[in-house]
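Sequence lines set the chain letters: A, B, ... in the order given, protein chains first and strands last, and positions in each chain run from 1. Remember, it's a predicted structure, so these values are computed and weren't measured experimentally. What you see below is based on every heavy atom in this structure, not just the backbone, and it leaves out hydrogens, waters and symmetry mates.
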Protein chains: 4
Amino acid sequence: MLSSIDIHSSVAVYVQIENHVQFAIASGRLKPGDQLPSVRELSERLEVNPNTVAKAYRDLEVMGLLYTRRGMGVFVNKGIEVKCREDCRKRIIGRLHEVVAEAKAAGMEADEIGEIVAKSMSFDASPYGATPSSLLQLARPRKKAAK
Amino acid sequence: MLSSIDIHSSVAVYVQIENHVQFAIASGRLKPGDQLPSVRELSERLEVNPNTVAKAYRDLEVMGLLYTRRGMGVFVNKGIEVKCREDCRKRIIGRLHEVVAEAKAAGMEADEIGEIVAKSMSFDASPYGATPSSLLQLARPRKKAAK
Amino acid sequence: MLSSIDIHSSVAVYVQIENHVQFAIASGRLKPGDQLPSVRELSERLEVNPNTVAKAYRDLEVMGLLYTRRGMGVFVNKGIEVKCREDCRKRIIGRLHEVVAEAKAAGMEADEIGEIVAKSMSFDASPYGATPSSLLQLARPRKKAAK
Amino acid sequence: MLSSIDIHSSVAVYVQIENHVQFAIASGRLKPGDQLPSVRELSERLEVNPNTVAKAYRDLEVMGLLYTRRGMGVFVNKGIEVKCREDCRKRIIGRLHEVVAEAKAAGMEADEIGEIVAKSMSFDASPYGATPSSLLQLARPRKKAAK
DNA sequence: GTGGTCTAGACCACG
DNA sequence: GTGGTCTAGACCACC
């Protein structure tokens, strides 16, 4: 698998990038002050249009995860790891509640649901390649941001 | 709350309607032979474009859940409750797997997830208003299909 | 003057559009539920690329001022006029404080500043064409949003 | 706060530096003949790219505020304090007009604006730290220009 | 018809 | 070199 971006997925490419970055920050693979790959570089690595990467970066800046220094590059904001992690958690818990409620409404029993969850836990499929990194070597090896 | 359709949701309106109907059949709120509200009536009740309702009905007919009698209306097919229930189940299990995988990737532990599921099971919130039904009074009180 | 958008301005076109819309809502020229001109229509009227208009609309949606109904169009959100007005006011007051502080630091006297303000008030230049509307006839004459 | 340069600001860093210098001259904190910190020194103090400082100095030289003596450094020109003060004033008045026009367009009354201005005048906040100086100790304590 | 997404490629300001 | 903006035009899903 060359890329962890799936062009044919129903979820938009730029959203996939956003999720990757958010997850990388939440999991500590991207640290505050780290520089992200340049728009052009990442777009080449992912074989997508620079605009698509730029859009993802811009969204993440609006969300407060990244900041941009003109002519310098894009960097991870400080003091957002915790919030980022919590947001991830909350989002997941919310969806978990939703789907369990639905399961219950559909007449599934607690045992049954428990089993499914257990089975799911034993797989090691992670949506964002939790392994050290597939293609998205998100942090630039170079330098930290100058302040 | 007048409607259980969320026009601000990211999931398409017609899909929401399809899910509602499927779930209503699976849970027995809609029984084989029951007539559904007319496209026009439902579209007015949901404040939604008639085309949207029509598309949902058409899809459901293709799926085999409904059938249309010209000039009479749209009815629930017979012998599909089991399949419908299974489809519902599959859909839910799929989503369950998804969200659990994501939770795991985000570093949540099995115990933690189990707790959340348990807590969720103890509530009696159902996504589509398991209560007699909010707006989607899907079965017409009138008549059964003459077939 | 055919258009109130200034292509040669240093402020980005999409920002100009955003300001126009925000101001139109704050001033009541656009009311909750009103439909905005379609991306294509506005882009033709302003003689800019559809993407530029779309970007403005999208930003305003993120800001919570607008919402989108797929296939239907873009509408003004409810319950945001007050907040919108207040945000406008706060932004202006903040900038006012800034510039007055700077003026003071530069050694200007209260009288002098007062005079300038008074003179400025007597002009009727408004950045967003407060007149009934220059080109940006922002509300569509047609219909309100269905819900 | 170590620096009065805001790298997250939307106004370019080099412009911020130019404004700082211009204001320092206008307010007498930098006097004709004073030597400015070297490009290298200032860039380190501000944690900014040397090119950025160099560009600011170059611009200011073009504007006639500074002059460079090869091998000696950059100095404040003579006979420009008045012009500098006037330029500052013009810039401020321009911005004042802008913001007042916007306030008016937003429906604020003359009285209201007057009050805000008055209140702002009573504070002693100055944008560039009118206090002896935060980081931008713009004049080098060493020597005056030999000319 | 509507908006959403993406591509290809241009020009600009900043560092 | 960096990102920001804009254009032109494509295809898609939804209504």
CG of C/N51 versus P of E/dT5: gap in Å, rounded? 12 Å

Taking only N and O in the side chain of D/Y14, is any of them less than 4.0 Å away from OP1 or OP2 of E/dG15? no

Heavy-atom nearest nucleotide on DNA chain F for C/P50 versus B/N49: which residue maps closer to 5'? C/P50

Any side-chain N or O of A/K55 less than 4.0 Å from the OP1 or OP2 oxygen of E/dT5? yes

Any chance you could measure A/I5, atom CD1, to A/H20, atom NE2, to the nearest 0.5 Å? 5.5 Å

For C/R58 and E/dT5, give me the distance from atom CZ to atom P, rounded to whole Å. 6 Å

Rounded distance in Å - CG (C/L66) to P (E/dG4): 11 Å

Looking at E/dT2, I'd like to know if its phosphate oxygens (OP1 or OP2) sit under 4.0 Å from a side-chain N or O belonging to C/T68. no

Quick check on DNA chain E: between A/A12 and C/S38, whose nearest nucleotide comes earlier from the 5' end? C/S38

Short question: side chain of A/T68, backbone of A/R70 - any donor-acceptor pair under 3.5 Å? no

So OH of C/Y14 and CG of C/L60: to nearest 0.5 Å the spacing works out to 11.0 Å

Most 5' of A/G71 and A/V13 on DNA chain E, judged by nearest nucleotide: A/V13

Please report, rounded to the nearest Å, how far the P atom of F/dG1 is from the CZ atom of A/F75. 17 Å

The dot-bracket string of DNA chain E, counting Watson-Crick and G-U wobble pairs with both distances under 3.5 Å, using [ ] for crossing pairs and | for pairs to another strand, is ||||||||||||||.

Check salt bridge (charged side-chain N to carboxylate O under 4.0 Å, His left out) between A/R58 and all other residues, then give those that pass, not counting sequence neighbours. C/D59

Whole angstroms only, please: what is the CD1-P distance between A/I7 and F/dC12? 15 Å

Atom pair distance, as rounded to whole Å: CZ in C/R40 and P in F/dG9: 14 Å

Taking it one step at a time, do A/R95 and B/E102 satisfy salt bridge (Lys or Arg N to Asp or Glu O under 4.0 Å)? CA-CA 10 Å; A/R95 285 179 49 194; B/E102 208 174 326; 3.0 Å; yes

Could you tell me how far apart C/L36 (CG) and E/dG1 (C1') are, to the nearest whole angstrom? 17 Å

Show, in sequence, the C-alpha distance, side-chain angles and deciding distance for B/C84 and B/L65, and conclude whether the side-chain contact (heavy atoms from CB on, under 4.5 Å) test is met. CA-CA 8 Å; B/C84 195; B/L65 301 196; 4.0 Å; yes

Would you kindly give the CE-to-P distance between C/M72 and E/dG1, to the nearest whole Å? 15 Å

